Amino acid sequence: MGERPEFRGVAGEALRHDSALKHTTGEALYVDDIFEPAGTLYLAPGTADVTCGCILRMDLAAVREAPGVVSVLTAADVPGNNDVSPTGCGDDPLLAKSELHFHRQPVFAVIARSYQEARSAARLGKIDVAPSDPILTIDQALKAGTFVSEQRQMGRGDWQTALEDAPHHAKGTAWSGGQDHFYLEGQVSLAVPAEDGGVHIYCSTQHPSEVQHATATVLGLTDRSVTVEVRRMGGGFGGKETQAAQWAALAALAAVKTGQAVKCRLDRDDDMLMTGKRHEFKGDWHVGFDDEGRIMAADIHLASRCGFSRDLSDPVNDRAMLHADNAYFYPAVRIRSDRCRTHTVSNTAFRGFGGPQGMLVAEQMIQAIAHQVGKDPLDVRKINFYGRGTRDLTPYHMQVEDFILDDLVEELEVTSRYRQRRQEIGEYNLSSPIVRRGLALTPVKFGISFTNTIFNQAGALLHVYKDGSIQLNHGGTEMGQGLFIKVAQVVAQELQVDIDQIQITATHTGKVPNTSATAASSGSDLNGMAAMNAARTIRRRLTAFASNHYGVPETEIAFYSGRIQIGARKVSFSDLVMEAYLNRVQLSATGFYRTPKIHWDPITATGRPFYYFAYGAAVTEVAIDLLTGENRVIAVDILHDVGRSLNPAVDKGQIEGGFIQGMGWLTTEELWWDTSGRLKTHAPSTYKIPTCSDRPEHFRIRIFEAGKNPEATIYRSKAVGEPPLMLALSVHQAIVDAISSVNAYRDLPHLPAPATPEAILNAVDALRERKAA
Amino acid sequence: MSKVHVSTIINDDTVEFLCESEQTLLDVLRDDLRLTGSKEGCASGDCGACSVIMDGRLVCACLLLAAEAEGSTIETIEGMANGSDLHPLQQQFLDHAALQCGVCTPGFLIAAKALLDRNPDPTETEVRYWLAGNLCRCTGYDKIVRAVLDTAAETRN
């Protein structure tokens with residue numbers, strides 16, 4: 001035997017993204033890049049320039065007569081249910097029929113020979129509407145009593161008495177704005193008519209099975225008639241979980257109606273106007289604490305702007321409640337949550353899924369307590385951390401069994417020189433009249449699993465071909481997060497084959513059915529396990545075959561480094577596979593996984609919604625200009641727990657990107673509606689996500705080396721998609737700290753998020769007025 | 001209206017095409033010439049996903065009419081590698097894992113090439129501000145900046 005061939009790709013290696021090479025050469029095909037079938041038509045949504053009211057009359061004659069127009073669709077053309085609601089509750093019309101609920105809600109759809117012709121014609125619709133007064137803000141909705149669902153409540157202990165008995169109190173309101181996903185690739189679907197009245201959809205979605213079901217519902221078909229295929233997305237961030245269905249179903253309806261392929265690709269402005277975003281939140285809090293700053297009781301009231309329909313607002317708001325403790329033990333607590341219905345686009349999933357908004361409340365409480373007892377906020381954080389074996393019960397009665405923040409924060413405090421820098425910044429601010437600096441360390445404890453227990457299941461399909469090459473398929477979707485390479489590494493690990501032997505294939509509802517969304521950070525936890533189970537089935541069959549065929553006990557058969565040791569004999573994977581094929585051994589397997597231990601009752605708000613928690617902490621230093629409100633993030637040190645990383649390169653990318661996205665949410669990204677309900681920030685010219693120039697000069701990311709998942713997840717790794725976003729809460733706290741220097745740290749400013757220059761200046765002015773008074 | 005005849009050199013090849021007068025260069029590149037590496041991110045010149053180099057200058061293909069390309073020399077992402085030999089920037093982006101979903105990647109590479117073509121020794125600040133016209137929603141830009149700086153250093157050596 002010659003040299004063993006180079007063997008790479010097992011779990012834990014820092015392999016590059018599966019499509020990295022194609023990304024750099026421009027060869028990676030996204031939905032809009034796929035070769036279109038001949039005669040493909042284009043669809044554009046048409047709207048009315050009214051926020052809400054009753055539709056009286058529609059005159060679409062000019063639309064029909066416009067150049068290139070083939071057909072126009074309205075709600076009357078829907079053969080099935082005119083609904084794309086993910087909950088099936090009927091409040092998300094494909095096309096508005098009698099009532100308008102938000103500005104730019106689609107009312108009709110134009111199908112034309114070119115993209116431009118469709119878009120031009122879509123502007124020609126005349127829609128008469130009897131307008132009604134819109135309810136736009138959380139406060140307006142609370143006052144009017146308009147909600148998308150019932151108020152929810154969770155709690156533990158006699159919070160009222162505990163709050164009354166506490167020697168010290170603080171109250172406040174945490175405001176956080178919404179956030180547009182701004183995936184670089186907008187919503188897009190290409191629907192191709194299929195046999196027996198069905199349709200095949202190439203779609204940019206995190207949830208192929210839901211797109212399949214919504215489309216079938218709209219077409220009056222059953223799920224079997226619709227297939228959805230997703231090779232890759234140009235970003236998702238939660239925005240392509242439920243929000244892809246409407247555009248896919250429209251394209252499918254048009255394809256079935258015309259008998260031709262139809263593409264629906266939203267232009268950036270339409271995408272920002274017509275699709276849901278992160279929920280804006282208002283969090284009123286009242287906390288009681290002792291002389292040391294130890295929390296004794298908390299009463300928290302969350303309210304969020306859900307938009308016009310339910311969509312995912314219930315689980316989003318549940319998750320906000322579930323993270324209103326962040327990493328802190330509340331001996332007695334009440335958390336209430338109101339889900340406000342407003343005449344705005346229906347808000348939806350966005351990385352963190354309500355968690356960031358809940359945590360913002362906890363962190364503001366800590367900052368206020370620290371200020372009142374005259375301690376460094378870090379010291380107050382530490383004494384309020386969950387304990388191990390004691391003080392470990394969450395407001396939802398789940399025991400925290402895996403708390404590691406004491407060690408993690410201790411390490412970061414030292415490596416980031418937190419205490420010294422606190423000192424240095426204090427001195428700097430004394431001698432700097434205009435530019436002020438601030439510092440904060442904030443922790444993250446984020447619960448992993450879909451709170452709806454049902455969704456915590458996944459399937460995989462593994463084909464081994466007789467030449468030894470492998471095709472891998474599973475229910476997870478690739479949106480840039482590196483899921484596909486991680487799952488392929490699991491298969492490489494299990495079968496001990498080189499990663500290049502494995503062909504990664506597009507997610508396809510015809511291969512793995514009934515999939516859950518690639519969401520809740522759960523992609524690799526769920527699909528990695530499903531693929532592992534499929535690979536183990538193959539390995540078991542090959543082992544049994546080899547044992548029988550070569551007369552060697554199974555205990556003497558081992559797979560390692562591209563070889564199989566069978567007693568004294570070594571065979572290559574492909575040779576054994578060929579031998580197995582010739583002996584009629586099945587070489588294709590499915591794998592399935594369901595997360596153990598979890599259960600959750602959203603009505604009583606009790607249970608174990610999470611399999612485990614992911615942890616991290618960040619130290620951020622900012623500078624603000626007291627004259628302009630301009631702010632910069634100067635230095636960031638992150639220590640994050642990913643358990644035993646499946647792929648450190650991919651995980652570090654998630655941490656870096658999540659932090660910057662959170663920083664954008666808390667600083668520059670401002671969604672601004674006018675008083676009539678028109679979103680005015682609907683393009684990158686007015687809506688500012690972070691750019692290269694916003695990158696912190698010092699940006700150090702480290703993976704917590706001691707990290708290991710105590711639960712039996714895939715190779716003891718932890719989910720990494722969402723948790724790092726919340727590390728950016730340190731940015732907001734650091735800005736508050738910097739502003740507070742204006743009156744020598746005597747007062748804490750009220751600073752809503754996003755902390756735009758305008759918001760910072762307002763906060764500075766308010767402190768100065770207090771100082772003068 | 002009759003179509004406009006345009007002669008260009010794209011990625012070292014002589015390319016002639018007919019276009020509508022209102023078609024953008026990006027539309028022609030993507031839809032007619034099947035060069036889909038350049039992406040439409042915003043169609044308003046704010047995101048840089050459609051970046052190409054035209055006569056040595058970095059431009060947004062979504063803001064140019066195809067007819068304006070008459071007589072010009074255009075470089076797109078598809079011409080950046082020499083066959084299977086990657087451009088040093090492409091290699092550094094791979095080595096640094098400076099990409100995630102990949103939609104912004106071609107634009108960043110083209111913009112970075114335009115920078116290094118005119119300034120082979122940029123400071124970190126110059127890199128950061130030059131690339132501020134390209135939006136990325138997945139990465140935190142950190143690895144992108146490092147990849148560009150390392151390419152510059154490697155090329156100088």
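Below, read A as the first sequence line, B as the second, and so on, with proteins coming before strands; counting in each chain starts at 1. Quantities reported herein were computed from a predicted structural model and do not represent experimental measurements. Quick note: numbers below take in every heavy atom, side chains included, and nothing from hydrogens, waters or symmetry partners.
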For [X], which atoms come within 4.5 Å of any heavy atom of chain B: side chain, backbone, both, or neither?
{"X": "A:L21", "answer": "both"}
{"X": "A:F659", "answer": "neither"}
{"X": "A:L15", "answer": "neither"}
{"X": "A:R695", "answer": "both"}
{"X": "A:K652", "answer": "both"}
{"X": "A:A20", "answer": "both"}
{"X": "A:D32", "answer": "both"}
{"X": "A:Q654", "answer": "both"}

If only side-chain N and O atoms count, and only distance matters, is there a donor-acceptor pair under 3.5 Å linking [Y] with [X]?
{"X": "B:T123", "Y": "B:T125", "answer": "no"}
{"X": "B:N119", "Y": "B:E126", "answer": "yes"}
{"X": "A:S521", "Y": "A:E722", "answer": "yes"}
{"X": "A:N647", "Y": "A:Q489", "answer": "yes"}

What part of [X] is in contact with chain A, defined as an atom under 4.5 angstrom from a non-hydrogen atom: side chain, backbone, both or neither?
{"X": "B:L109", "result": "side chain"}
{"X": "B:L86", "result": "side chain"}
{"X": "B:K143", "result": "both"}
{"X": "B:Q23", "result": "neither"}
{"X": "B:L94", "result": "both"}

For each of [options], tally heavy-atom pairs with chain B at distances under 4.5 Å, and name the one with the top tally.
{"options": "A:I655, A:I689, A:I660", "result": "A:I689"}
{"options": "A:G236, A:G235, A:G234", "result": "A:G234"}
{"options": "A:H181, A:E27, A:E36", "result": "A:H181"}
{"options": "A:S685, A:G658, A:A14", "result": "A:S685"}
{"options": "A:R265, A:M272, A:Q481, A:M479", "result": "A:R265"}
{"options": "A:P696, A:S19, A:P690", "result": "A:P690"}

- How are the rings of A:F237 and A:F350 set to each other: parallel, tilted or perpendicular (split at 30° and 60°)?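 Because their plane-to-plane angle is under 30°, the rings of A:F237 and A:F350 count as parallel.
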
If you measure from the Lys or Arg side-chain nitrogens to the Asp or Glu carboxylate oxygens, is any gap between [X] and [Y] under 4.0 Å?
{"X": "A:K688", "Y": "A:E670", "answer": "no"}
{"X": "B:R128", "Y": "A:E697", "answer": "yes"}
{"X": "A:D651", "Y": "A:K486", "answer": "yes"}

Heavy-atom pairs under 4.5 Å with chain A are the metric here; pick the option from [options] that has the most.
{"options": "B:T76, B:L131, B:T105, B:L135", "value": "B:L135"}
{"options": "B:A132, B:G37, B:A81, B:C136", "value": "B:A132"}
{"options": "B:C42, B:A97, B:C104, B:S38", "value": "B:C42"}
{"options": "B:N134, B:T36, B:I144", "value": "B:T36"}
{"options": "B:H96, B:H87, B:R30, B:E124", "value": "B:R30"}

Minimum heavy-atom separation for [X] and [Y], please, with both atom names.
{"X": "B:S51", "Y": "B:L58", "value": "CB-CD1, 3.8 Å"}
{"X": "B:S44", "Y": "B:L63", "value": "C-CD2, 3.8 Å"}
{"X": "A:L666", "Y": "A:A728", "value": "CD1-O, 3.2 Å"}

- Residue of the set A:Q187, A:E185, A:Q206 for which side chain to side chain donor-acceptor pair (under 3.5 Å) holds with A:K240: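 Among the candidates, only A:E185 passes.
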
- Query: So among A:H17, A:R231, A:R232, which one has a side chain to side chain donor-acceptor pair (under 3.5 Å) with A:E478?
  - Reply: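 It is A:H17; the other options fail the test.
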
- Task: Please confirm whether B:R137 makes a cation-pi placement over A:Y183, using NZ or CZ under 6.0 Å from the six-membered ring centre and within 45° of the ring normal.
- Result: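 Cation-pi check for B:R137 and A:Y183: fails.
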
